[in-house]
4 protein chains.
Amino acid sequence: MKKKAEQRQISVEKLLAVALRLFVSRGYGSTTLEQIAAAARLSKGAVYFYFGSKESVLLELLQRVQTVVVDDAIRAATAAGPSAIDRLVAFLHNQAKLGISRRDDVLLLILMSLEFSHRRDKVTRCIADVYRRLHKHVEALIRSGQKSGEFRTDVPVRELAAIVMANHDGTFLEWYRRADALSGPNLVRALRSVVLYGVARPGTGRTEGRKL
Amino acid sequence: MKKKAEQRQISVEKLLAVALRLFVSRGYGSTTLEQIAAAARLSKGAVYFYFGSKESVLLELLQRVQTVVVDDAIRAATAAGPSAIDRLVAFLHNQAKLGISRRDDVLLLILMSLEFSHRRDKVTRCIADVYRRLHKHVEALIRSGQKSGEFRTDVPVRELAAIVMANHDGTFLEWYRRADALSGPNLVRALRSVVLYGVARPGTGRTEGRKL
Amino acid sequence: MKKKAEQRQISVEKLLAVALRLFVSRGYGSTTLEQIAAAARLSKGAVYFYFGSKESVLLELLQRVQTVVVDDAIRAATAAGPSAIDRLVAFLHNQAKLGISRRDDVLLLILMSLEFSHRRDKVTRCIADVYRRLHKHVEALIRSGQKSGEFRTDVPVRELAAIVMANHDGTFLEWYRRADALSGPNLVRALRSVVLYGVARPGTGRTEGRKL
Amino acid sequence: MKKKAEQRQISVEKLLAVALRLFVSRGYGSTTLEQIAAAARLSKGAVYFYFGSKESVLLELLQRVQTVVVDDAIRAATAAGPSAIDRLVAFLHNQAKLGISRRDDVLLLILMSLEFSHRRDKVTRCIADVYRRLHKHVEALIRSGQKSGEFRTDVPVRELAAIVMANHDGTFLEWYRRADALSGPNLVRALRSVVLYGVARPGTGRTEGRKL
DNA sequence: AATGAATGAGCATTCATTCAT
DNA sequence: GATGAATGAATGCTCATTCAT
């Protein structure tokens, strides 16, 4: 016998799953509530019953991205040990893992940050929070690497961090647009090499010999 | 005395200019013809008189991006001389210049490639053509650098090129989302450093001493 | 307590009824969805909820015309007995009855066949089917009357049948345009006389004495 | 050297010719001024220069139909001699001739009478005038035939005339919709037979021996 | 004499949202 | 708990018409 709470749980999860898939593949604005409801084998009314609005569905998804994706990434990087290079490698490694296990969650964040960039509402605030945390963390990581002499110091922290994030988002988008033409493992390897050698202090040899 | 040809020119350019601005700032789907017409101080009918459809406005803009942005980028890189590093630097330099003089054109390309990724029509074909050309060119550039020993060979061409393009697109998007928090010149410098040292053959010293 | 199924039935029937009236009195192209919705005391959205498009409303109406009008006409004529004259009389009689009880249904068919004659789509195919069946039946009827010696043989079946159909459609259109100037019963009597004496074999006296 | 008046004449005739063709093949409402202008290799403005409005183009066409088609028909019938049967035959004969030489003119009249039936304006008044004259003439013809004993008297004049007109319009519409499936000469023969034997006084033998 | 530019009212259609049941 | 019915505002697009040149 199914309890009501169970049914609720099942329906909500199903709705979030299909909404995630649709938002990522078609964009938020081009996805209709009808499509979400139909894909979850429910009625439009059910979506309103559970979420109250289309925007709330997106917000709930973004909340989960926040917890699962960002928290994890920061935790993984922090746990990786004292060397900034190690922590950067761990960060990149974790992102690569997410690219496989939670591809759509990460893409949702990136795509919505672009689709909603011109607005000023709950959604943008939520996204901005996530990015703020990510940037803050990456900046801290880089600053520490610069202090320890591992990372280059000829460019300011903020912009160097921005480029690291650009690599992150840009690579996900390449993967999003051209998955059929690219090898996942090779793409990850290329990303790691470029970022690592790109931010490392030139000529110190500290990156050499590292298995990428 | 205004000639008709002049008037046409003025109206068309005005419409394209405001459409570019609106498509980039709000997205294609979220921009209404009403907004385009109003911003150009014309009526919706005028847009149809000149373009026939909303899509055609976008297509015309993408055509121009193709000519101005891609052709120029490739020409600049090709002209830069035999060294692959020089050509890569020229490519990055040219993109940076475009980021200032034609920011919206480049962003249009990137943003539309994402907004239209799930469709299969004239727009996507046009965008795919542009990206195909860019990728082809960057891949050729990298392959030549690998042959000459300037670039790393531990990652395959295709994925290395993809990362270069990811840096390109990703940096533009960072600039798009966080222009207020970043210094343009520093961002360009960071991008150049990371990409250059990232793709260069490690430990050869060829990148050292280069003014970035 | 109104059930949903009831409500649906009521709204659909109301919409079809007003659409029929409007399509016949103003033509399909000159009838707006707004008018249909307003006449049914519903919103435009409701029409789309039930039918999905303006064309579908027309198609549904034509389907019903097919079933009710054509099937009935053929059945009535077939049931009328072995004599071709009797069957023709029955056919005309049935059409006259329809002209009163289902005036708009029959007119819809005729008017749409004209308004859509230049297109090639679902609507025209539906209409063509109806007319094909009617012509086929009338031709068979006439051929049988020619074989039995009841009908004239100095003109080919196909064109004789076409004239019978022309009388049918033409009389309905006269009735449509000049109802106020004509007496329905007299018009029916005139139609029957002309068609009957017109197709009968001249000089055989078979039509004489028949009560018209 | 082309005079201005000549040029005007040529353009006007060209416009009327293409408008007639388009109005008949697509209907008035579905024909755009753009199509008319394009088909005449002129601009929309030219149509306004010559006619002032879309409706005026139709009105001009209907005026010509009036003169050429109706006047001729009545003249031909009147000229045919004292016998009502002779005059009816002449009328039918003339209509058949028009069906070949002025098919579109006659169809324009019929189709517009249907497309505009729900309005009350210049166009409908013009069409009503034409039909009034035609009906009046046919009624007079039939009344005279009834007086002379040539035509049946068991149905009132008005409705008998209506059926004659129904044959006229209905046959033109059959020809309009199914020209490919019908033989013109046979259709005319069938029409003449049916109408003649249909309106003739039964059993008098007056129609026998007449070459149809 | 004729055209191209521009308008504005109108139309079919879409879609997030509401609500009675 | 969940649905079907219904809404209304918005949107891309059409087209007769006007007007300066």
Side-chain angles (χ1 to χ4, degrees), chain A residues 2 4-5 7-8 11 29-37 42-57, chain B residues 1-8 10-12 29-37 40-57, chain C residues 1-8 10-12 29-37 40-57, chain D residues 2-5 7-8 11-12 29-37 42-57:
Chain A
K2 265 187 223 161
K4 286 183 179 179
Q7 188 52 44
R8 181 187 186 89
S11 292
S30 298
T31 301
T32 71
L33 238 98
E34 186 77 48
Q35 292 169 338
I36 297 174
L42 285 169
S43 69
K44 272 193 291 183
V47 184
Y48 276 86
F49 178 73
Y50 287 123
F51 294 97
S53 77
K54 188 185 173 188
E55 198 185 273
S56 295
V57 179
Chain B
M1 188 189 79
K2 263 188 227 163
K3 296 246 180 76
K4 285 190 178 175
E6 273 179 53
Q7 190 53 44
R8 181 183 189 91
I10 289 170
S11 293
V12 167
S30 299
T31 301
T32 71
L33 257 143
E34 186 78 49
Q35 291 168 340
I36 297 175
R41 295 191 180 280
L42 285 168
S43 67
K44 276 188 292 179
V47 184
Y48 279 90
F49 177 71
Y50 286 119
F51 295 97
S53 75
K54 188 184 172 188
E55 197 184 274
S56 294
V57 179
Chain C
M1 189 188 80
K2 264 188 226 164
K3 296 249 179 73
K4 287 190 176 175
E6 272 180 51
Q7 189 54 45
R8 182 184 187 91
I10 289 169
S11 293
V12 167
S30 298
T31 301
T32 73
L33 256 136
E34 187 78 48
Q35 291 168 340
I36 297 174
R41 297 194 178 278
L42 285 168
S43 68
K44 275 189 290 179
V47 184
Y48 278 86
F49 176 71
Y50 286 119
F51 296 97
S53 77
K54 187 184 172 189
E55 197 184 274
S56 294
V57 179
Chain D
K2 265 188 224 162
K3 300 237 182 82
K4 285 185 181 178
Q7 188 53 46
R8 180 185 187 90
S11 292
V12 166
S30 299
T31 300
T32 71
L33 240 101
E34 187 77 49
Q35 292 168 337
I36 297 173
L42 286 167
S43 68
K44 271 192 293 183
V47 184
Y48 276 86
F49 178 73
Y50 288 123
F51 294 95
S53 76
K54 188 185 173 188
E55 197 183 274
S56 295
V57 179

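As a basis for the values below, the full set of heavy atoms in this structure was taken, side chains included, without hydrogen atoms, waters or symmetry mates. As the structure is a prediction and not an experimental result, all values here were calculated from the model. So you know, we letter chains A, B, ... as the sequences are listed, proteins then strands, and number each from 1.
- Residues Phe51(D) and Val12(D) form a side-chain contact, since some pair of their non-hydrogen atoms from C-beta on lies under 4.5 Å apart.
- Between Gly29(D) and Gly29(B), the residue whose closest nucleotide on DNA chain F is further toward the 5' end is Gly29(B).
- Residues meeting the side-chain contact (heavy atoms from CB on, under 4.5 Å) test with Tyr48(C), sequence neighbours left out: Leu33(C).
- Rounding to whole angstrom units, OH of residue Tyr48(B) and P of dG4(E) are separated by 22 Å.
- Atom CZ in Arg8(C) sits about 12 Å away from atom C1' in dT3(F), given to the nearest Å.
- Atom OH in Tyr50(B) sits roughly 8 Å away from atom C1' in dG4(E) (whole-Å rounding).
- Checking Glu55(A) against Ser30(C), the closest nucleotide of DNA chain E that is more toward the 5' end is the one next to Ser30(C).
- Following rounding to the nearest Å, Gln35(C) (CD) and dC11(E) (P) show an atom-to-atom distance of 7 Å.
- At whole-Å resolution of the value, CD in Glu34(D) and P in dT17(F) are 14 Å apart.
- No engagement by Ser56(D) is indicated, since no non-hydrogen atom pair under 4.0 Å with the nucleic acid exists.
- Taking atom NZ of Lys54(B) as the reference point, atom P of dC13(F) lies 8 Å away to the nearest angstrom.
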For DNA chain F, the expected dot-bracket line (Watson-Crick or G-U under 3.5 Å, [ ] crossing, | inter-strand) is .||||||||||||||||||||
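- Residue Gln7(B) places no side-chain N or O under 4.0 Å from the OP1 or OP2 atom of dA20(F).
- Under the side-chain contact (heavy atoms from CB on, under 4.5 Å) criterion, Ser43(D) pairs with Ala46(D), sequence neighbours left out.
- Note: CZ (Phe51(B)) to P (dG12(F)) measures 15 Å, nearest angstrom.
- Thr31(B) meets the side-chain contact (heavy atoms from CB on, under 4.5 Å) test with Leu22(B), Phe23(B), Arg26(B), Gln35(B), Ile36(B); sequence neighbours excluded.
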Give each protein N/O atom lying under 3.5 Å from an N/O atom of nucleotides 7-9 of chain E, with the pair distance.
{"from": "dT7(E)", "atom 1": "OP2", "to": "Ser43(B)", "atom 2": "N", "distance (Å)": "2.6"}
{"from": "dT7(E)", "atom 1": "OP2", "to": "Ser43(B)", "atom 2": "OG", "distance (Å)": "2.8"}
{"from": "dT7(E)", "atom 1": "O5'", "to": "Ser43(B)", "atom 2": "OG", "distance (Å)": "3.4"}

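- Between Ser11(C) and dA6(F) there is a side-chain polar atom (N or O) within less than 4.0 angstrom of OP1 or OP2.
- With values rounded to the nearest 0.5 angstrom, Lys44(C) atom NZ is found 8.0 Å from Thr32(C) atom OG1.
- The minimum heavy-atom distance between Phe49(B) and Arg8(B), with the atom names listed, is CE2-NH1, 4.3 Å.
- Regarding Leu33(D), its CG atom lies at a distance of 7 Å from the C1' atom of dA16(F), rounded to whole Å.
- Take Glu55(B) and apply the side-chain contact (heavy atoms from CB on, under 4.5 Å) test, not counting sequence neighbours, and it matches Tyr28(B), Ser53(B), Leu59(B), Asp121(B), Lys122(B), Val123(B).
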